Amino acid sequence: MPESEQLTPESNPFSSDTGSAAASAESLDAMPDWVTDDAPLSPSMEEYLSVLNPEQKQAVMHEGSALLILAGAGSGKTRVITTKIAYLIAAKHVNPSSILAVTFTKKAANEMHERAVALEPRAEHAQIRTFHSFGAWFLRVNAEAAGVDPNFTVYDDDDMITLITKAKPQLTRAQATHCAHKIALAKDYCMTPADPKLGELESDPEFPEIYRAYEARLHETGNVDFGDLIMKPVLVLKNNADVRHHMHMRFRVIMVDEYQDSNVAQFLLLQALSGVEENAGTYVCVVGDDDQSIYKFRGAEVQNILTFKEKFPGTTLIRLERNYRSTAEILLIADNVVKNNEGRLGKTLTAERGSGKQPKLIFLPNQDEEAQFCADLIQKTHKTGTPYNDWAILYRTNAQSLTFETEFLHRKIPYTVVGSLKFYEREEIKDVLAFLALAANNRDEIAFRRVVNKPARGVGETSQDKIISAAAGGKSLVDASREVGPNLAKKAREGVAHFVELMEEFTSFIGADSSEKSTKKLSSFIELVNEKSGLVEYHTAQDEIAGTQRAANMQELANSAVLYPCTIAGLLDFLDHIELDKTLELTDEESGTTDSVTLITLHNTKGLEFPRVIITGMEMGIFPRQDKTGAELEEERRLFYVGITRARDELYLTSCAMRRMYGRTDYMEPSPFLLETGRGTLKVLGHAPSSFRMNSSDDGDGFEDSDSEQSSGGYEAGSRDDGFKGGDYGKNGLSDPRAAKNPLEAKFCKGARVYHDDYGYGQIIKTDMSGEGEYVVTVQFESGEKKKFMPEYQAKSLMVVKE
DNA sequence: CCCGTCGTTATTTTT
DNA sequence: TAACGACGGG
């Protein structure tokens with residue numbers, strides 16, 4: 001019997017009025033107790049179900065044993081999950097608060113929450129959140145069992161490194177960084193410092209000891225790191241039967257999105273929380289796509305989805321293979337590529353939208369022309385009404401964004417780089433947050449060190465160390481400061497005294513109203529901290545030097561707290577959200593109404609879609625990276641698959657013959673993935689390298705390519721519809737390979753208008769050859785300066801611009 | 001304490 | 001190449 005059968009009515013979280021009446025014939029013992037009746041569906045519910053396709057509907061209405069939904073890209077999985085939540089509440093009378101739905105990103109969690117509530121208002125009471133925020137909630141509720149301070153804050157990667165440096169001073173920062181990664185990875189695999197398998201992650205015999213020392217130090221602070229948010233709950237559930245039972249009663253339905261990206265610790269959490277091994281009767285539904293698993297390097301375990309059926313006996317598998325996003329041409333390529341992988345559950349997407357334009361593969365001489373090509377394409381279509389928002393430029397590594405940024409800046413094409421510096425990582429924000437964290441938990445060593453001498457109060461590292469060791473054993477650092485302070489040198493003594501005063505003021509401000517019904521907002525507290533701490537002054541000065549807007553960011557941080565009450569609980573809540581929400585992108589760009597091209601890494605595109613996508617840098621060594629083999633190569637291939645399936649209408653792939661990297665220019669080979677796209681699927685433009693053609697062999701590669709032997713220079717003659725006409729190249733100041741022997745001479749001709757990074761706009765007034773036979777141009781700049789350049793070597797800083 | 005210069009080092013990174 | 005961290009001089 002499931003344990004939940006023994007619950008008393010009061011403790012039973014289910015609002016079911018008919019008790020355990022239910023369960024249709026088949027799998028009676030596997031049937032959860034919440035299945036009550038087949039109450040008539042409300043009209044709106046029927047409406048929601050009616051828009052689903054048969055598989056989606058089946059997934060929504062499935063009940064009984066565990067469910068694995070294999071949802072291909074663009075197959076409407078979020079709709080299925082949200083409808084399922086609504087369905088459980090409305091039609092199956094499941095108590096909303098007994099539903100737990102977890103995702104990986106805050107963004108996804110918010111979207112799921114919003115959509116579920118739109119379908120069924122009572123979903124407001126369901127727990128729809130990220131894995132990590134669930135873990136944070138769990139640890140606060142069970143702080144004692146978990147051995148953490150209930151007011152803990154979460155240390156990020158930087159904080160981990162700092163703490164390791166303090167725990168093991170003999171390590172260099174690089175070593176500490178390395179260890180931090182490995183410790184994080186160990187926690188992803190749920191390994192403690194004592195785990196004998198640690199050696200598989202890190203061969204350094206010192207590592208377990210470093211890990212142990214780090215854990216000890218972390219424990220003294222009362223805080224946790226990201227890995228702990230998952231691992232500690234697992235350990236608590238494992239070791240504490242009371243907590244376990246309580247959780248089994250509390251959560252009767254657990255759903256996981258993007259399951260292919262779950263790591264071992266997250267699997268263990270799901271397993272423990274569901275009580276599957278104890279027949280707790282919890283209904284488990286996971287949704288994922290093994291073909292989109294791209295985070296192995298961070299501990300994600302495809303194995304979780306591949307072996308789900310074994311871990312959850314009686315699992316039903318439903319495939320969602322109807323794709324509502326992309327054209328048939330795009331999906332064909334995606335499918336051709338991904339089927340080169342072994343060890344997948346396998347599925348084939350069908351295009352509900354039918355066919356569209358043929359995707360294109362463009363070979364370009366180098367990265368500068370790659371950027372110019374993209375810019376041309378985007379500008380050209382923009383003139384005919386295609387918004388910039390339609391476009392996304394995808395690349396494998398962040399460094400590749402630079403060329404595009406430079407080109408777009410010159411051409412005034414608005415763009416947004418996704419995932420660049422994050423708000424919460426900014427120095428000024430971390431400073432304020434450190435004060436807040438310290439106010440919440442005065443044992444926070446990292447926060448203490450960060451702000452005790454910022455702005456400078458004469459409290460150097462030596463004094464800090466004295467205070468820290470005085471607080472050993474988990475004493476308050478503020479108390480320790482009060483005790484140790486008077487014994488320090490004059491300067492430090494005064495600094496510490498001032499700091500203690502500050503902290504006292506902060507603590508009393510935040511603590512004052514916690515008992516009453518406070519109407520004060522947390523933002524007022526943050527404003528107080530900003531001002532009194534001296535940080536606003538400090539960073540305002542920095543702003544003047546660096547031209548940044550740190551002070552404004554600090555105000556923005558305060559503004560973002562208006563909805564939180566000015567209490568310790570409110571503060572903790574706020575800190576959780578900040579720490580767990582990397583998407584908080586404030587300031588800089590006003591409003592989200594701007595029309596701009598998206599520049600983004602392939603990894604960051606997961607879950608997104610764009611009408612037009614350009615995947616750049618399709619070169620061996622770049623993508624796939626290095627000579628990846630085996631499982632790693634398969635992961636790169638999945639990454640390509642993810643990229644392709646982001647595109648709704650148009651897909652372009654670009655590959656360069658030459659690329660500057662690490663100060664060197666290398667000849668590049670096309671990505672081997674290109675040959676996997678299949679015959680006749682791509683229209684090839686530009687010079688296909690001979691190796692590419694040779695590899696595709698003689699039985700006809702089937703690519704509709706141009707022949708590089710032909711005098712046409714390889715540009716497709718027949719693509720009149722889309723701006724690839726060779727004749728356009730001259731107009732854009734691009735080199736037309738057909739024109740001159742030396743394209744540079746055609747491009748940097750006398751009279752051409754140019755732009756230089758340092759000198760601004762100007763005109764070429766003279767061209768000639770150097771003694772070495774190099775092409776030299778003389779430019780008269782608008783600033784009055786006259787300079788000579790060799791375009792061959794300065795293609796990047798000196799650009800020809802349109803009139 | 002700030003700033004310049006030198007040397008080092010270059011994946012991907014939901015939380 | 002370029003960006004960032006470490007170090008030493010003013």
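Labels below follow one simple rule: chain letters A, B, ... track the order of the sequence lines, proteins then strands, and each chain is numbered from 1. It should be emphasised that the depicted structure is a prediction, and the values quoted were computed from it without experimental measurement.
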Partner residues of A/Asp204 under the salt bridge (Lys or Arg N to Asp or Glu O under 4.0 Å) criterion, sequence neighbours left out: none
A/Glu301: partners by salt bridge (Lys or Arg N to Asp or Glu O under 4.0 Å), with sequence neighbours left out: none
In this structure, how many angstroms lie between the [atom2] atom of [N] and the [atom1] atom of [X], rounded?
X	N	atom1	atom2	value
A/Ile230	B/dT15	CD1	C1'	8 Å
A/Leu402	C/dA3	CG	C1'	10 Å
A/Leu185	B/dT11	CG	P	18 Å
A/Asp261	B/dT13	CG	C1'	11 Å
A/Leu602	B/dT12	CG	P	11 Å
A/Phe640	B/dT12	CZ	C1'	16 Å
A/Ile294	B/dT12	CD1	P	13 Å
A/Glu635	B/dT11	CD	P	17 Å

Pi stacking test for A/Phe297 and B/dT12: under 5.5 Å apart, planes under 30°: yes
A/Ser133 side chain near B/dT15 phosphate (N/O to OP1/OP2, under 4.0 Å): no
Under 4.0 angstrom between A/Asn398 side-chain N/O and B/dT13 OP1 or OP2: yes
Syn or anti for B/dT12 (syn when the glycosidic angle lies within 90° of 0): anti
Pairwise side-chain contact, A/Asp291 with A/Arg344, heavy-atom cut-off 4.5 Å (strictly under): yes
Any side-chain heavy-atom pair of A/Gln372 and A/Glu407 under 4.5 Å: yes
C/dG5 versus B/dT12 - spacing of their P atoms, nearest Å: 15 Å
At under 4.0 Å between heavy atoms, what does [X] touch on the DNA or RNA strands: base, sugar-phosphate, or nothing?
X	answer
A/Asn604	sugar-phosphate
A/Arg396	base
A/Phe131	nothing

Pair A/Glu215 + A/Lys187, salt bridge at N-O below 4.0 Å: yes
Nearest-nucleotide 5' precedence on DNA chain B, A/Glu258 against A/Glu636: A/Glu636
